[in-house]
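Starting from 1, each residue takes its place in the sequence as its number. Scope of the values below: all heavy atoms of this structure, side chains included, with no hydrogens, waters or symmetry mates.
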Amino acid sequence: MHQDKTDTLALLREKLCRMEPAQPLSADKLPTGFADIDAHLGGGLARGCVHELFSAGHDRAQAGRPAAFAAHVLAQTTGPVIWVSEEYPDLSAPGIRQSGLNPGRLLCVTTRQGGLENLCEDVLNERGVCALVADIRAPLSPARLRRLVLAAGRSHVTGFLLHRAAAFAAEPPASASMTRWRIGGGSALGRADFAAWSPVVGPERWSVDLLWHRDGPAGPWGITPAREGGPYRQPMPWAGEQRARA
């Protein structure tokens with residue numbers, strides 16, 4: 001059942017009160033956990049800002065790697081993470097755990113069609129939230145993105161926008177957000193067993209492209225994501241333990 005905006009915010013605040021609050025951080029950066037990227041960014045992603053994440057190749061429809069990237073960053077923080085979508089989130093608790101993020105920190109909210117942008121702004125205005133992760137399936141207008149950026153700056157809540165639509169790939173890199181990324185699959189690490197003519201495949205590789213950085217240059221990287229509890233198997237992060245429906 002859908003609830004109006006007032007009831008939704010009241011429900012979110014009630015659940016947030018029961019969760020462990022975000023601990024004050026002395027730094028204004030969120031480390032990504034990847035040394036080369038953090039060095040390029042001067043310590044990590046800026047807190048209290050909006051960061052846009054795009055997929056590449058066949059992953060555009062699912063945004064699995066951008067979701068895992070966001071979860072990997074947030075695993076190194078504390079406090080509630082609000083994951084919002086207009087559709088039932090196709091995430092998995094094992095995927096969350098493999099990224100290092102505790103599923104108990106997640107509160108997932110499904111909103112009515114057309115209500116996602118307002119909900120994102122409301123969450124970004126909520127102090128005490130560590131971060132918002134939004135499953136974006138239609139382009140945001142520049143004015144709406146600017147509103148989200150201003151909300152994040154006021155509350156110091158960090159926003160991650162996961163863009164799924166393939167049409168986004170043609171957009172210019174200039175943006176009101178702090179950073180804009182495209183994350184895709186890279187070639188696997190491995191070696192060839194020429195005697196048997198069978199490849200021995202190593203860990204998955206990601207291609208990570210910083211398309212836009214408001215305070216510095218862009219850049220490409222090839223990284224091997226570390227996973228908790230064994231090798232990475234590409235489930236999208238999702239925690240169904242806690243859900244609210246707006």
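Cluster annotation: Met178 is not connected to Leu41 through the hydrophobic network of ILVMFWY side chains, with a link wherever side-chain heavy atoms come within less than 4.5 Å.
The distance from the CG atom of Asp209 to the CZ atom of Arg182 is 7.0 Å, given to the nearest 0.5 Å. Ile96 contributes atom CD1, which lies 5.0 Å from atom CH2 of Trp83 (distance to the nearest 0.5 angstrom). The CG atom of Leu132 sits 7.0 Å away from the CG atom of Leu161 when rounded to the nearest 0.5 Å.
Between His72 and Phe34, the angle of the ring planes stays under 30°, which puts this pair in the parallel group of the 30/60° scheme.
Neither side chain, Arg127 nor Ser155, offers a donor N or O lying under 3.5 Å from an acceptor on the other.
Closest heavy-atom contact between Cys130 and Thr78: CB-O, 3.3 Å. Shortest non-hydrogen contact noted between Ser99 and Ala75 is O-CB, 3.7 Å.
In terms of the side chain to side chain donor-acceptor pair (under 3.5 Å) criterion, residue partners of Ser177 (sequence neighbours excluded) are, by chain and number, Glu52, Ser175. In this structure Asn125 satisfies the side chain to side chain donor-acceptor pair (under 3.5 Å) test together with Arg154, sequence neighbours excluded. Every residue meeting the side chain to side chain donor-acceptor pair (under 3.5 Å) condition with Asp38, not counting sequence neighbours, appears here in chain and number order: Thr32. In this view, Val208 and Ile37, Trp181, Ile183, Trp206, Trp221, Ile223 satisfy the side-chain contact (heavy atoms from CB on, under 4.5 Å) rule, not counting sequence neighbours. For the salt bridge (Lys or Arg N to Asp or Glu O under 4.0 Å) test, residues two or more places apart in sequence or in another chain that qualify with Arg144 are Glu117, Glu121.
A donor-acceptor pair under 3.5 Å links the side-chain atoms of Thr158 to the main chain of Gly48, judged by distance alone.
Residue pairs meeting the ring pair (Phe, Tyr, Trp, His ring centres under 6.0 Å) criterion with at least one member in residues 108-160, sequence neighbours excluded: His51-Phe160.
A salt bridge between Arg137 and Glu87 is present, with a side-chain N of the basic residue lying under 4.0 Å from a carboxylate O of the acidic one.
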